[in-house]
Amino acid sequence: DKELPQEIRRLRKEQGVELVVVLSHLGLPQDIKLAGMVDGIDVVLSGHTHDRLDRPIVVNGAVIIQSGCHGSFVGRLDLSFDRGEVKVERHELVAMDDRIEPDPVMRDLVKAVVAPARDKLAAEIGHTEAALHRNSMFDCPMDDLLLAALCQAADRKIAFSNGWRFGAPV
């Protein structure tokens with residue numbers, strides 16, 4: 001908490017920096033705390049906790065965004081400057097879905113890497129009508145499935161999960 005304020009002051013004073021963007025992997029609660037403690041941050045691109053923020057959070061003048069997990073969204077943040085003040089013009093979570101055209105070169109590279117395991121990867125090992133994800137903090141379908149499987153495998157009536165939100169959706 002001592003180095004960052006000094007570095008911000010140095011950058012603004014010695015190098016004439018007008019926009020301070022912190023790329024963070026502390027997690028949303030810690031980034032909120034950091035922005036509240038350190039003056040001079042304009043934007044925090046937050047990570048680690050994989051929160052999907054529909055609207056930026058503003059703390060102590062710092063605009064904080066986080067765009068979810070697993071590359072499902074890219075956060076777009078359009079800013080303007082007015083006499084040294086940063087203003088959010090637009091924030092959008094851009095869905096990375098079928099509307100995005102794949103890059104042909106990258107698509108071919110991925111196909112080549114996956115080709116030796118294509119049949120194995122295509123084998124159906126189960127089926128669900130519901131999307132299985134871990135995108136929410138308190139309750140999510142993937143945890144429910146895993147806990148039910150644990151109960152069945154261990155012949156128990158109850159199982160607990162720490163609610164971690166990582167793992168690719170199915």
Side-chain angles (χ1 to χ4, degrees), residues 1-4 21-38 41 43-77 88 90-170:
D1 64 347
K2 294 178 183 176
E3 293 83 11
L4 185 58
V21 178
V22 173
L23 179 60
S24 172
H25 199 254
L26 294 173
L28 187 61
Q30 290 79 7
D31 285 332
I32 290 170
K33 184 176 179 183
L34 177 70
M37 291 172 41
V38 178
I41 299 172
V43 176
V44 178
L45 303 178
S46 180
H48 182 63
T49 51
H50 303 275
D51 295 284
R52 189 181 321 161
L53 299 178
D54 293 321
R55 292 183 311 274
I57 296 171
V58 179
V59 176
N60 192 22
V63 176
I64 304 169
I65 66 168
Q66 204 172 109
S67 303
C69 59
H70 310 300
S72 53
F73 294 91
V74 170
R76 177 179 177 155
L77 183 64
V88 175
R90 173 176 156 189
H91 172 256
E92 179 184 3
L93 292 175
V94 180
M96 296 293 105
D97 55 21
D98 292 341
R99 292 175 286 181
I100 306 294
E101 288 293 323
D103 177 81
V105 174
M106 184 57 69
R107 181 193 60 223
D108 292 345
L109 285 170
V110 170
K111 281 182 179 180
V113 169
V114 174
R118 173 65 62 203
D119 290 341
K120 189 173 184 178
L121 290 171
E124 185 172 315
I125 59 169
H127 179 80
T128 179
E129 295 294 325
L132 301 177
H133 65 81
R134 297 186 111 156
N135 296 343
S136 50
M137 182 170 293
F138 298 113
D139 184 46
C140 52
M142 182 60 93
D143 262 355
D144 294 344
L145 174 68
L146 293 173
L147 292 173
L150 281 171
C151 286
Q152 183 177 349
D155 194 26
R156 298 290 181 246
K157 293 182 180 181
I158 190 169
F160 294 97
S161 168
N162 65 356
W164 55 281
R165 294 179 285 165
F166 305 104
V170 177

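The first residue in the sequence is number 1, and the count goes up from there.
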*asked:* Would you say that Leu4 contacts Ile41 through its side chain, given a criterion of any heavy-atom pair below 4.5 Å between the two side chains?
replied: yes
*asked:* Nearest 0.5 Å, please: how far is CG in Leu53 from CG in Leu93?
replied: 7.5 Å
*Does a side-chain heavy-atom distance below 4.5 Å link Val114 with Leu121?*
yes
_Min side-chain heavy-atom separation Gln30-Leu34 under 4.5 Å_ = no
*Under 6.0 Å from the CG atom of Asp103, do we count more than 12 heavy atoms belonging to anything else shown?*
yes
*Leu77 CG to Ile65 CD1 distance, which is reported to the nearest 0.5 Å*: 4.5 Å
*asked:* How close do Pro116 and Val113 get, counting heavy atoms only, and between which atoms?
replied: CD-O, 3.4 Å
_Euclidean distance, Ser67 OG relative to Arg76 CZ, rounded to 0.5 Å_ = 12.5 Å
*Specify the closest pair of heavy atoms between Cys69 and Ser72, including all atoms of both residues, with the distance to one decimal.*
O-OG, 2.8 Å
*Taking all atoms of both residues into account, what is the closest heavy-atom pair of Val44 and Ser24, and its distance?*
CG1-CB, 4.2 Å
*CG (Asp119) with more than 12 external heavy atoms under 6.0 Å*: no
*Quick check: does any side chain N or O of Asn60 sit under 3.5 Å from a backbone N or O of Ala62, one acting as donor and the other as acceptor?*
no
*Taking all atoms of both residues into account, what is the closest heavy-atom pair of His48 and Gly27, and its distance?*
CB-N, 3.7 Å
_I want to check something: taking the side chain as every heavy atom from C-beta on, are Arg156 and Leu150 in contact at a cut-off of under 4.5 Å?_
no
*Could you grab the distance from atom CG of Leu45 to atom CD of Gln66, nearest 0.5 Å is fine?*
10.0 Å
*Check Pro102 against Arg107 and note the closest heavy-atom contact, atom names and distance.*
CB-CB, 4.5 Å
*Give, for atom CG of Leu28 and atom CD1 of Ile57, the distance between the pair rounded to the nearest 0.5 Å.*
4.5 Å
*Is there a donor-acceptor pair closer than 3.5 Å between any side-chain N or O of Ser46 and the backbone N or O of Ile64?*
no
_Please check: side-chain N/O of His91 versus main-chain N/O of Asp54, any donor-acceptor pairing under 3.5 Å?_
yes
